[in-house]
Amino acid sequence: QVQLVESGGGLVQAGGSLRLSCAASGRSFSGYVLGWFRQAPGKEREFVATISWNGDSTDYADSVKGRFTISRDNAKNTLYLQLNSLRPEDTAVYYCAASARYRTTVYLRNYDYWGQGTQVTVSS
């Protein structure tokens, strides 16, 4: 079992930045592929970014490439998402997730553990 708790969300103006964190506890954090997803009101949960167990491999949704950066600190059992150049369409609840798969994955169904989410609201 892995428990995940997100933090760092909030209200920000368009063009601003936020840094989300996801603290993990339970089983060895470093053994998992990690990801960020988001869900806007009335929409399905969607992939944002993923990172390999050692941080060497990352992947991003096209909508966030060049603006968001995923990273992890295995010594601190923490996953991060740096959000820059935020847009109103980035408004959503952001979730971190852990996958026991060997490679990074963009599919929700491949993630085994989920946090409760943190709200990000971008005003225009």
Side-chain angles (χ1 to χ4, degrees):
Q1 280 280 6
V2 175
Q3 291 79 43
L4 303 170
V5 179
E6 302 94 337
S7 62
L11 174 63
V12 64
Q13 289 189 333
S17 297
L18 283 174
R19 189 192 197 200
L20 306 184
S21 298
C22 174
S25 60
R27 296 186 64 181
S28 176
F29 176 80
S30 62
Y32 289 88
V33 166
L34 301 174
W36 286 98
F37 293 79
R38 67 185 182 186
Q39 187 166 16
K43 295 188 177 182
E44 294 186 351
R45 194 170 299 189
E46 65 176 7
F47 166 74
V48 175
T50 182
I51 188 167
S52 60
W53 69 272
N54 61 359
D56 284 355
S57 177
T58 59
D59 195 8
Y60 296 89
D62 288 344
S63 59
V64 307
K65 277 181 183 175
R67 300 189 299 122
F68 292 6
T69 302
I70 189 171
S71 62
R72 65 190 295 168
D73 186 336
N74 287 341
K76 294 183 178 180
N77 282 1
T78 304
L79 172 70
Y80 303 100
L81 186 68
Q82 179 67 40
L83 294 71
N84 296 331
S85 303
L86 281 161
R87 305 167 180 168
E89 54 264 38
D90 295 318
T91 295
V93 177
Y94 283 71
Y95 299 88
C96 64
S99 171
R101 289 180 173 257
Y102 182 73
R103 300 180 187 278
T104 56
T105 175
V106 306
Y107 299 108
L108 278 73
R109 62 177 181 270
N110 291 340
Y111 286 81
D112 306 290
Y113 304 102
W114 293 83
Q116 293 301 305
T118 186
Q119 176 70 48
V120 172
T121 303
V122 184
S123 63
S124 58

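For the single chain, residues carry numbers from 1 onward in sequence order. Note that the coordinates shown come from a computational prediction; the quantities given were computed from them, not determined experimentally.
Using a distance-only test at 3.5 Å, with no hydrogens or angles considered, a donor-acceptor pair links the side chain of Thr91 to the main chain of Val122. Checking side-chain atoms of Arg45 against main-chain N and O of Val93 turns up no donor-acceptor pair under 3.5 Å. With hydrogens and angles disregarded, a donor-acceptor distance shorter than 3.5 Å links the side chain of Trp36 to the backbone of Tyr80. Checked by atom type and distance alone, the side chain of Glu6 pairs as donor or acceptor with a backbone atom of Cys96 at under 3.5 Å.
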Distance-only check: which donor-acceptor pairs under 3.5 Å involve side-chain atoms of residues 17-26, not counting sequence neighbours?
unit_1 : atom_1 : unit_2 : atom_2 : d
Ser17  : OG     : Asn84  : OD1    : 2.9
Ser25  : OG     : Gln3   : OE1    : 3.4

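One finds the CG atom of Leu34 at 12.5 Å from the OG1 atom of Thr105 (value rounded to the nearest 0.5 Å). The CZ atom of Arg72 lies 12.0 Å from the OG1 atom of Thr58; values are rounded to the nearest 0.5 Å. Put simply, CG on Asp56 and CD1 on Ile51 are 8.5 Å apart, with the number rounded to the nearest 0.5 Å. Distance check, rounded to the nearest 0.5 Å: CG of Asn77 to OG of Ser30 gives 8.0 Å. Taking CG of Leu108 as the reference point, atom OG of Ser99 lies at 11.0 Å (rounded to 0.5 Å). Taking CG of Leu83 as the reference point, atom CZ of Phe68 lies at 4.0 Å (rounded to 0.5 Å).
Using a 4.5 Å cut-off between side-chain heavy atoms of Ile, Leu, Val, Met, Phe, Trp and Tyr, with links allowed through other members, Leu81 and Leu86 fall into the same hydrophobic cluster. In the hydrophobic clustering of this structure, Val64 does not group with Tyr95; members are Ile, Leu, Val, Met, Phe, Trp, Tyr whose side-chain heavy atoms approach within less than 4.5 Å, directly or through other members.
The side chain to side chain donor-acceptor pair (under 3.5 Å) test applied to Arg101 returns Asn110, not counting sequence neighbours. With sequence neighbours excluded, no residue forms a ring-ring contact (aromatic ring centres under 6.0 Å, His included) with Tyr60. Qualifying ring-ring contact (aromatic ring centres under 6.0 Å, His included) partners for Phe37, counting only residues two or more places apart in sequence or in other chains: Phe47, Tyr111, Trp114.
For residues 78-90, the salt bridge (charged side-chain N to carboxylate O under 4.0 Å, His left out) pairs, not counting sequence neighbours, are Arg38-Asp90, Arg67-Asp90. Every pair tested for disulfide (SG to SG under 2.5 Å) that includes a residue from residues 45-89 fails, sequence neighbours excluded, so the list is empty.
Counting all heavy atoms, side chain and backbone alike, Tyr94 lies closest to Val48 at CE2-CG2, 4.4 Å. What you find for Pro88 and Ser124 is that their closest heavy atoms are CG-CB, 3.8 Å.
Looking at heavy atoms from C-beta onward, Leu79 lies in side-chain contact with Ile70 at the 4.5 angstrom threshold.
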